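To keep things clear, I will list the structure first and then write my remarks on it.
Worth saying up front: this structure is predicted, and the values here are computed from it rather than measured. We're numbering straight along the sequence, starting at 1. Remember, it's 1-based here, ligands and their atoms both numbered in the order they're listed.
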Amino acid sequence: MKNKPIIIIGNGGHARALIEILLMQSREIIGFTAPTQQVNPFGFTYLGKDESIEQYHQDEIILVLGLGTIQISSIRKEIFDRFKKLGYTFESTIHPKTIISPTVQFGEGVQIMAGAIVQTNTKIADNTIINTGTIIDHDCIIDAHTHLAPGVTVSGSVHIGESCHIGTAATIIQGITVGKKSLVGAGAVVVSNIANEKKVVGVPAKEV
Ligand SMILES: CC(=O)SCCNC(=O)CCNC(=O)[C@H](O)C(C)(C)COP(=O)(O)OP(=O)(O)OC[C@H]1O[C@@H](n2cnc3c(N)ncnc32)[C@H](O)[C@@H]1OP(=O)(O)O
């Protein structure tokens, strides 16, 4: 599966951060998709809308989902599910300057950006973003399609549900459960469990 040529979905800031990792790893990038014709700052070819991926056989290429999110959004899940259903595979992209325990279990298409630390016995499910400088301590579970924005601190034995957004520099104390599709605002300190589909902000974090 490794070392197949890559197609990047998206052309924004997150896509560029991922491209820099892929270039460090000497990966071949065929081009990128986006809703409209765009120029890529690295000079990669615009292939067309996401449908243009279907002109490549599932075994011939591997996908990197380059769309970032700034709060709760279903877009990454929708694109991931759509191309999985069509039989495509998503590459996991992990910056070389991360510290990741060898016991960590990864799903598919996991993205771990520069400076992140992931401690022992943590599970990180499909299509998650562990963004720049984020720390996830021991025995955590991060469910699919969740985005931990830059500088988040997750203490030990925390479970973060599917499709959450944990905002920049938020802190979650040990043993907490965050329900699916919940949003933790930037800078919040989470000291009690959060149910599904909630939005919390502040120190200590309160529902809004
Ligand atoms: C590499 C990358 O860039 S990845 C992206 C990283 N970015 C993030 O993680 C951003 C996370 N987003 C946030 O924290 C946002 O501020 C949200 C989602 C919590 C709120 O956004 P919105 O719903 O647009 O709220 P809005 O900005 O209108 O603010 C509403 C109120 O909440 C307050 N508020 C907004 N965010 C926060 C926060 N993080 N903590 C405390 N209060 C907040 C505002 O001051 C405002 O208060 P007021 O009504 O008294 O004036």
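- Here the side chains of D137 and V154 are not in contact, with every heavy-atom distance at 4.5 Å or above.
- Note that atom 31 (C) of ligand 1 has no protein non-hydrogen atoms nearby, at separations under 4.0 angstrom.
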Check: How far apart are the C-alpha atoms of Y88 and I53, what are their side-chain angles, what is the distance that settles it, and do they pass the side chain to side chain contact (heavy atoms under 4.5 Å, CB included) test?
Finding: CA-CA 9 Å; Y88 291 91; I53 290 166; 3.8 Å; yes
Next item on the list: Would you please test V178 and I172 for side chain to side chain contact (heavy atoms under 4.5 Å, CB included) and show each step?
Entry: CA-CA 9 Å; V178 178; I172 304 180; 4.2 Å; yes
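- Taking 4.0 Å as the cut-off between side-chain N and carboxylate O, R82 and E51 count as a salt-bridged pair.
- Checking atom 5 (C) of ligand 1 against the protein gives a heavy-atom contact under 4.0 Å.
- When each atom of ligand 1 is checked for a heavy atom of H147 under 4.0 Å away, the hits are 4 (S).
- Protein heavy atoms are absent from the space less than 4.0 angstrom from atom 48 (P) of ligand 1.
- Looking at ligand 1, you'll find an N or O of T168 within less than 3.5 Å of one of its N or O atoms.
- Here the options are T128, N127, D126, the test is side chain to side chain donor-acceptor pair (under 3.5 Å), and the partner is H145; only N127 passes.
- For atom 19 (C) of ligand 1, a protein heavy-atom neighbour is present inside the 4.0 Å cut-off.
- For atom 14 (O) of ligand 1, the nearest protein heavy atom lies closer than 4.0 Å.
- A continuous path of hydrophobic side-chain contacts links V104 to I166 [ILVMFWY only; heavy atoms under 4.5 Å].
- Note on I100: it does not cluster hydrophobically with M24, by side-chain heavy-atom contacts below 4.5 Å among ILVMFWY residues.
- Of the protein's non-hydrogen atoms, I70 O, 3.9 Å is the one closest to atom 12 (N) of ligand 1.
- Here the heavy atom of the protein found nearest to atom 1 (C) of ligand 1 is P150 CG, 3.7 Å.
- When the shell of 6.0 Å around CD1 of I70 is examined, it contains 12 or fewer heavy atoms from other residues, nucleotides or ligands.
- Of all atoms in ligand 1, listed by their number and element, those nearer than 4.0 Å to a heavy atom of A149 are 6 (C), 9 (O).
- Classified by interplanar angle (parallel below 30°, tilted 30° to 60°, perpendicular above 60°), the ring pair H165/H147 is perpendicular.
- Distance remark: protein heavy atom present below 4.0 angstrom from atom 39 (N) of ligand 1.
- Among all non-hydrogen protein atoms, the one lying nearest atom 24 (O) of ligand 1 is Q71 NE2, 4.5 Å.
- T98 places no side-chain N or O within 3.5 Å of a backbone atom of I117 that could act as its donor or acceptor partner.
- The ligand atoms of ligand 1 that sit less than 4.0 angstrom from a heavy atom of G167 are 9 (O).
- Contact annotation for atom 27 (O) of ligand 1: protein absent (non-hydrogen atoms, distance under 4.0 Å).
- By the 3.5 Å distance cut-off applied to N or O atoms, A186 is counted among the residues near ligand 1.
- Protein heavy atoms all stay at least 4.0 Å away from atom 36 (N) of ligand 1.
- Of the protein's heavy atoms, V201 CB, 3.7 Å lies nearest to atom 41 (C) of ligand 1.
- Side-chain contact between I7 and Y56 is present, with at least one heavy-atom pair separated by less than 4.5 Å.
- Of the protein's heavy atoms, L183 CD2, 4.4 Å lies nearest to atom 17 (C) of ligand 1.
- Salt-bridge check for K4 with E28: failed, with every basic side-chain N at 4.0 Å or more from each acidic carboxylate O.
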Check: Could you walk me through whether K84 and E108 pass the salt bridge (Lys or Arg N to Asp or Glu O under 4.0 Å) check?
Finding: CA-CA 10 Å; K84 284 305 294 170; E108 181 176 335; 2.9 Å; yes
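- In the vicinity of G185, heavy-atom distances shorter than 4.0 Å reach the ligand 1 atoms 14 (O), 19 (C), 39 (N).
- For T69, the heavy-atom gap to ligand 1 drops under 4.0 angstrom.
- Of the candidates K199, K206, H165, M113, H165 brings a heavy atom nearest to atom 9 (O) of ligand 1.
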